[in-house]
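Counting convention: from 1, in listed order, for ligands and their atoms alike. Positions are given from 1 along the sequence. The figures that follow rest on heavy atoms only: side chains count, while hydrogens, waters and symmetry mates do not.
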Amino acid sequence: MIRTFQTHCIRKQEELTERLWTFTALSGDKAGESFPVHTPSAWETYPGFGLYRGEGRYETNFSAGGNVRIECKGVSHTAKVYVDGKLIAEHYNAYTPFSAVVQGLSRGEHTLAIVADNRFSDISALHVPNDYMSYGGVTRPVAVEEVADVYLERVHVTPSFDGTHWHTSVDATIVNLAEERPVTLRISIAEKECVLSPQMLPEGESVLHAEFALEDVQIWSPETPKLYTVKAVLNVGGKEVDDLFERFGFREIKIEVKQILLNGEPLRIRGLCRHEDHPHFGCALPYEAMMHDLLLLKDLGANSVRTAHYPNDERFLDLCDELGILVWEENHARGLSLEQMQNPNFEPQAEQVTREMVLSHYNHPSIYIWGILNECASDSEFGKECYEKQFALIRSLDKTRPCSFASCKFKTDLCFGLPDVVSYNIYPKWYHDTPVDAYLNDLYTWVQTKTEGKGKPFLVTEIGAGGIYGYRTPYASKWSEEYQQKALSEQLTGVLSHPDCSGVYIWQFSDIRISEEWWGGRPRTMNNKGVVDEYRRPKLCYETVKRIFREDKEKFGK
Ligand code: ADA
C-alpha cells in the first residue's frame with residue numbers, strides 16, 4: 001500500500017509491493033549473493049546482512065506501455081533506477097520520494113532494477129555514521145504508472161480562515177510532455193466543483209490555480225480529525241486523461257506571542273520523538289507496525305510525534321492525519337558539526353531533501369510545524385547562514401506553517417532570530433546533574449534576555465534517559481529501568497510545569513539501532529532511551545509517562 005487512500009481512478013497504477021523481487025549483493029565478500037526478497041525492506045533484516053554496507057540490486061518485472069512513470073517512495077540511501085537496463089533516475093536520500101517517466105515504452109513486459117547504496121563517504125553529507133541506522137534497500141513502496149502526455153504531478157490545497165469563512169486555494173502542478181496544447185482541469189472538493197476552462201499549457205511543468213469558498217466545513221483537530229478529499233481531473237481534447245486525489249483538513253496554525261495556536265486555541269504538546277526502526281523491519285516498517293506504534297502513542301496519552309530526524313513514510317503521516325496526531329516533521333540532519341556542514345555536498349543535499357519534504361507532504365493537516373537541522377552548528381556564523389537559507393526555502397514553499405529547529409547549544413546558540421518557535425533538547429539527570437527546574441529556568445531566562453528568541457513560543461523537543469529493558473536494580477543505577485523511570489518523571493514534571501513552555505517531546509518512543517561506525521559507544525549499539533524497547537515492550541517508565549500525560553491533559557482540558 002502506497003497511501004492509505006485511493007489516489008487515482010483514471011490513471012493506471014500498479015504497486016510493486018507485496019511480491020518478490022530478486023536481491024543481489026554487489027559489494028565486498030557478499031558480492032554475487034542473490035535471493036528473493038519482498039519490498040519494501042531493509043537488507044539488514046536479511047540473514048547474514050545485518051552489517052552490510054555497500055550496494056545491492058533489486059529486480060522485478062512489470063507490464064506496461066506508453067509513458068511509464070516509476071515512483072519510488074524511498075530508497076536507502078542512494079538510488080539508481082534502470083528500466084530494461086537503461087538508467088532512468090538517480091536520487092540521494094532515503095527519506096524522500098522521487099519519480100521518473102520513460103516515454104513511449106513498448107507495451108509488454110519490462111525489467112525494473114533499483115540499485116541501492118548505503119555506504120558512507122564524503123559524497124553523502126546527510127547520511128553519516130550517527131545515533132541511528134542508515135539502512136540499505138528499497139525501503140519504501142514502489143509503483144508503476146501509465147500516464148498520458150499531460151499528467152498531474154501534484155495538487156496542493158491551502159485552506160485559510162478569515163474569521164467567518166474558510167477559503168480554499170488549490171494549486172495543481174501539471175506536466176506536459178508534448179507540444180503546447182489546451183487542457184481543462186476540473187477540481188472538486190465535497191460537493192463543490194471548479195472547472196478551469198481550456199488553458200494553453202506549454203511543454204514542461206505549469207501550475208494552475210483555483211479558489212473555493214466552502215460553507216459549513218468541519219474542522220480538523222486532534223479531537224475531530226475530519227479529512228476532505230480534493231479530486232483533480234485533467235481533460236484534453238474532450239477526453240479525461242488523468243486524475244489525482246489528495247486529502248487535506250480545514251485547520252489553521254498561527255503563532256501569537258508565546259503560543260502556537262491551532263484553530264485559535266493554544267497548543268499543548270505532549271509528544272514523543274520516533275525513529276523508523278524495528279528489529280524485524282529495519283526502517284521499512286509495514287503498515288501494521290506503524291499503526292501499532294500509533295496505538296501505543298495514543299495509549300501513552302501523546303498528542304504529537306516528532307519525526308526525528310527525517311521526513312517519514314507517507315503512510316505514517318496518512319495515519320497521523322486520520323488519528324489526529326500532530327506531527328513535527330523534520331528534514332534530514334542530526335548533530336552535524338561545523339566541519340560536516342562545510343562539506344560542499346551539505347547545502348545542495350539539504351536543500352533537496354527539504355524541498356522534497358515540503359512539496360510531497362504539504363497537504364497533511366497533522367503536520368503543524370517544519371523542523372530543520374537537529375542539533376547542528378547553530379552556534380557558528382557559517383551554521384547560521386545555512387539555517388537562514390533553509391528557513392527561507394521552507395517559507396517560500398509553505399507560508400502556512402511555522403518553522404523551528406531543535407538546539408542543544410546551551411547558551412551559545414546564535415540562530416533564535418530565525419525560527420518561529422524556539423526549541424531545545426535538554427538532558428538534565430542524564431548527561432549532567434543540574435536539577436531540571438534550575439537548568440530549564442537558567443536556559444529560558446537566557447533565551448528571553450540575551451537572544452532574538454525573546455517572546456517566541458518555547459518547546460522542549462527532547463528529554464530522556466537510557467534504560468535497558470529488563471535491567472532492574474533496587475538502587476536505580478544508571479541504565480536501569482528504575483533510573484530511567486525516575487529521571488523521566490523529574491524531567492517531564494519539571495518541563496510541563498514551566499509556565500512558558502508549550503510542551504515537550506520525550507526522547508524517544510522506542511529503542512533503536514545506531515550505526516556501528518558512530519563513535520557513541522552506546523550499550524548494545526543501540527540508543528536505549530525508548531519508553532518501549534525495540535520490540536515495543538513497555539519499560540517501567542511507560543506507566544509513569546502515561547500518568548503524567550493524563551494529569552497534564554486534565555489540567556489543560558485538552
Ligand atoms: C540528541 C539527538 C538524538 C539523540 C539524543 C541522545 O540530542 O537529537 O538524536 O542522539 O540526543 O540520545 O543523546
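In this model, a donor atom of one side chain and an acceptor atom of the other lie less than 3.5 Å apart for Tyr542 and Asp299.
Below 4.0 Å from some heavy atom of Asn374 lie the following atoms of ligand 1, by number and element: 2 (C), 8 (O). Close contacts between ligand 1 and Asn425 involve ligand atoms 7 (O), 8 (O) [criterion: under 4.0 Å to a heavy atom]. Below 4.0 Å from some heavy atom of Asp131 lie the following atoms of ligand 1, by number and element: 4 (C), 6 (C), 10 (O), 12 (O).
Remark: Arg247 CZ to Glu322 CD distance equals 4.0 Å, nearest 0.5 Å.
Exactly one residue among Phe405, Tyr439, Phe410, Phe416 makes a ring pair (Phe, Tyr, Trp, His ring centres under 6.0 Å) with Tyr424. That residue is Phe416. Here the options are Lys529, Arg522, Arg513, the test is salt bridge (Lys or Arg N to Asp or Glu O under 4.0 Å), and the partner is Asp131; only Arg522 passes.
The residue from Glu462, His275, Arg522 that puts a heavy atom closest to atom 1 (C) of ligand 1 is Glu462. Here atom 7 (O) of ligand 1 lies nearest to Glu375 when heavy atoms of Arg334, Glu375, Lys529, Arg306 are compared. With atom 13 (O) of ligand 1 as the reference point, the heavy atom nearest to it among Tyr427, Tyr132, Trp507, Tyr431 is part of Tyr431.
Because its NZ or CZ atom is not both nearer than 6.0 Å to the ring centre of Tyr469 and within 45° of the ring axis, Arg524 does not count as a cation-pi partner of that residue.
When non-hydrogen atoms are compared, ligand 1 lies under 4.0 Å from the side chain of His309 (C-beta onward) but not from its backbone.
Between Phe49 and Tyr52, the ring-plane angle classifies as perpendicular under the 30° and 60° cut-offs.
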